[in-house]
Every structure is written in structure tokens, then in C-alpha cells.
> 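Pasting a structure below so you can have a look.
Order of the sequence lines fixes the chain letters, A, B, ..., with proteins taken first and strands second; residue numbering starts at 1 for each chain.
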Protein chains: 2
Amino acid sequence: MTTDVTDAAALADSIRAAGLKVTEPRVAVLAAIEREPHIDAGRIFRSIRSSLPGTSVQAVHGVLAAFSQAGLLRRIEPAHSPALYERRVDDNHHHIVCSACGAVEDVDCAVGHSPCLVPSSASGFQVQSAEVNFWGLCPNCQTA
Amino acid sequence: MTTDVTDAAALADSIRAAGLKVTEPRVAVLAAIEREPHIDAGRIFRSIRSSLPGTSVQAVHGVLAAFSQAGLLRRIEPAHSPALYERRVDDNHHHIVCSACGAVEDVDCAVGHSPCLVPSSASGFQVQSAEVNFWGLCPNCQTA
DNA sequence: CTCATGTTTTGAGTCATTCAAAATAAGGCT
DNA sequence: AGCCTTATTTTGAATGACTCAAAACATGAG
């Protein structure tokens, strides 16, 4: 794991680029999300506490809040799951969640048209965005 | 409010039709959802406790769980909100949520095609259902 | 190197929800 | 009509996810 150094440098760069101070907890959190691209605060905490003994779940929440506000992270809240964070922020993609094990994968917008962006009747609402979540069985859970 | 009697009878009927015993809390919960078609457990509790002094939020959760399992209610979990319950269960409609005040309205599937039901790439998932949530400003919050 | 400011730590508290055991009521049966 | 089994509600407690606030600390601009 000698590549950690360069990785950490790259992560630090994106933190700095977002106008935030670079700290150990922040780099560690970003690295954890790199490892598992759809992850919740608790998992992040468990994933980094060995290398950062002084950290707490609250600290992780603080980092995640700062990152989300800075546009470095996107927060998604699928049903039956704590909030998940992902680094893919600059496109409007969707998600597919395994109804058995909770695994999450990205799904690109259906090609050819912007699906579901125009509801048939918006009840007078001014539509700003559309969120699409697919539910199904992941490859593993299909066999089991 | 003399119509309450007939209303209660109709509600009792649908509870019985779902194979469940008819009780005061159950009728009250269903009536509360009738009054406010997208409502969470806490609001239901506050809405019925005057007429049912002995009730608790836990009881409401119990009723809601039984109803959801029996297919009498649909549970939705929009981001930034506790779970909401609605009586429209037999069609696959979607929702539009006001990003300012949280108001929720139903949205029918866009006509002509089943939008978003076929993700461009499902990563090997066996897709079972698609959930679409629109976000925007409700008529009230547009002016304010 | 120093200092102001942004971050993290620490400790406590809230909200939504679940669990389990005891008390109670519904409604089929006689 | 009344009893009894079983479903349901009550009561009390606990959990998980997240937020808040004050004090300690580190970053990086100067």
C-alpha cells in the first residue's frame, strides 16, 4: 500500500480545490468513500477508526456535512437505509438498490430522452429535479 | 360531524376486508390518513390523541405496520422526512415533494410510456420496481 | 513563526422507530 | 348472549441515525 501517499495527495487536492482545509479526518473519509462508493457514516467511521483512533461518528458527520455543502459529495437517502454518500456529483445519474442485501449501483439516465423529468401533472409545483431509484435483486442475491 | 359514523363504517369495512380486526385505534389512524393523504406517524398520533387519550406513538406504528403488511397502506420515505403513509396502493404512481415546506402530492406516471422502468444498464440487477420522486416548489412556496 | 479562523473533539440530547412482556379487546363458537 | 382463543394494544425500555454546542486543537495565510 505504498500508493497511499499519492492517493492521499490527490484526495487532499480535491479537498483544497473545494475551498476546504485539508485535515487527516477529511482525507480518511474521502479515502473510505473511494474504497466503497456508496457508504453511510457508520461504515465510514468503522472503516477509518483503526488509522484514526481519536475519531468519532460525530466527526464523520461533520466532515460529510462540510463535503456535501461544498459540492464534493452527494448525499442520497434510499428507503430502509441510512444516508449514503458518493463522489459522483457532476452528473444526474440514478441508483439501483438490491432489495435483499442493500447493495447500491449507479444507473445512468436512460438514453435518448430525459426520463421522468416532466411529470404528467405537477399540481402547480415548479419542478426542480427528479430522483429515480430502481429496486431489484443484485446478481449475488438472485442465485441465493 | 354526523357523517363520522358512516365514514367510520366505511373505514371499518376496508380494515375487515384486509383480514384484520377492527379496533378504535385502527379506524382512527385510517381516518387521519383520509384527512391528510401523506402523513407520518407523529402527525397521525397528534391528530388522533384527543379522541383516543390512551394511545401512544408506538401503537400508531403498530397499526401502520399491520396496515402496510396487509396492503392497505403504502409507506414512502422521501429524503429529509420521516416515513409517510398513503392509501393509494393499487397503482404505481409517484410523488412530488416541495423542497421548501415538504408538502407532498401524487404524480401519475407520465403517459404514453413507462418512464424510467428500464434503466440503461442495470449492472446485472433484476429490476423489480422503479420509484420516482420529483422535487420542486409548491404553489405557496413559489410566491413566498 | 504566529495568530485568526476553521475543524475536530467531547458530551449530551433529539427524533423516528423497534422490541418485548403484560394487559386488553375482538369476534368466532357454543 | 356469553365465553374463550387469539389478535391487538398498552407500557416501558432500547436502538440507530443524526444534531447541537462548548471547549480544545490544527491549518495555512500573513
> Of the nucleotides dG28(D), dT8(D), dG12(D), which one has an atom closest to the side chain of Val22(A)?
dG28(D)

> Does either side chain, that of Asn133(A) or that of His94(A), offer a donor lying less than 3.5 Å from an acceptor on the other one?
no

> Starting at CD1 of Ile48(B) and ending at C1' of dT9(D), how long is that distance when rounded to a whole Å?
12 Å

> In whole angstrom, give the distance that lies between atom CZ of Arg16(A) and atom C1' of dA26(D).
14 Å

> Separation of Arg49(B) atom CZ from dT9(D) atom C1', in whole Å?
18 Å

> Just checking Gly42(A): base, sugar-phosphate only, or nothing, at a heavy-atom cut-off of under 4.0 Å?
nothing

> Nearest of dG27(C), dG6(C), dT17(C) to any side-chain atom of Lys21(B)?
dG27(C)

> Among dT8(C), dG28(D), dA17(D), which nucleotide has an atom closest to any side-chain atom of Val63(A)?
dT8(C)

> Between atom OH in Tyr85(B) and atom P in dA16(C), what is the gap in whole Å?
12 Å

> Taking CG from Leu52(A) and P from dC25(D), how many angstroms apart are they, rounded to a whole number?
16 Å

> Taking only the side-chain nitrogens and oxygens of Thr23(B), find out if one of them lies under 4.0 Å from OP1 or OP2 of dA25(C).
no

> Only one of Ile44(B), Leu73(B), Val63(B) forms a side-chain contact (heavy atoms from CB on, under 4.5 Å) with Leu30(B), so which one is it?
Leu73(B)

> Under 4.0 Å, heavy atoms only, any strand: does Ala66(B) hit a base, just the sugar-phosphate, or nothing?
nothing

> Strictly below 4.0 Å: does Arg26(A) bring a side-chain N or O up to OP1 or OP2 of dT8(C)?
yes

> Counting side-chain heavy atoms from CB outward, which of dT9(C), dT18(C), dT10(D) is closest to Ala59(A)?
dT9(C)

> Look at the side chain of Thr55(A) and decide which nucleotide, out of dT10(D), dT9(C), dT18(C), has an atom nearest to it.
dT9(C)

> Contact class for Glu24(A) (heavy atom, under 4.0 Å): base, sugar-phosphate, or nothing?
nothing

> State plainly whether the residues Arg35(A) and Asp7(A) are in salt-bridge range, i.e. N to O under 4.0 Å.
no

> When you match Gly19(B) and Ser56(B) each to their closest nucleotide on DNA chain D, which lands nearer the 5' end?
Gly19(B)

> Side chain of Pro82(B), heavy atoms from C-beta onward: which of dT6(D), dT9(D), dA16(C) has the nearest atom to it?
dA16(C)

> Measure from the side chain of His61(A), starting at C-beta and using heavy atoms only, and say which of dT8(C), dC18(D), dT6(D) lies closest.
dC18(D)

> In whole Å, what is the span from the NE2 atom of His80(A) to the C1' atom of dG16(D)?
16 Å

> Looking at every non-hydrogen atom in both residues, tell me the closest pair between Asn92(B) and Ala130(B) and how far apart they are.
OD1-O, 4.1 Å

> Taking atom P of dT8(D) as reference, at what distance in whole Å does atom CD1 of Ile15(B) sit?
11 Å

> Which pair of heavy atoms, one from Leu20(B) and one from Ala66(B), lies closest together, and at what distance?
CD1-O, 4.2 Å

> If you only use heavy atoms from C-beta on, which nucleotide in dT10(D), dT10(C), dT5(C) is closest to the side chain of Gln58(A)?
dT10(C)

> I need the CD1-P distance between Ile44(B) and dT9(D), as an integer number of Å.
13 Å

> Do Arg26(A) and Lys21(A) make a side-chain contact, defined as non-hydrogen atoms from C-beta onward lying under 4.5 Å apart?
yes

> Measure from the side chain of Leu20(A), starting at C-beta and using heavy atoms only, and say which of dT18(C), dT8(C), dT7(C) lies closest.
dT7(C)

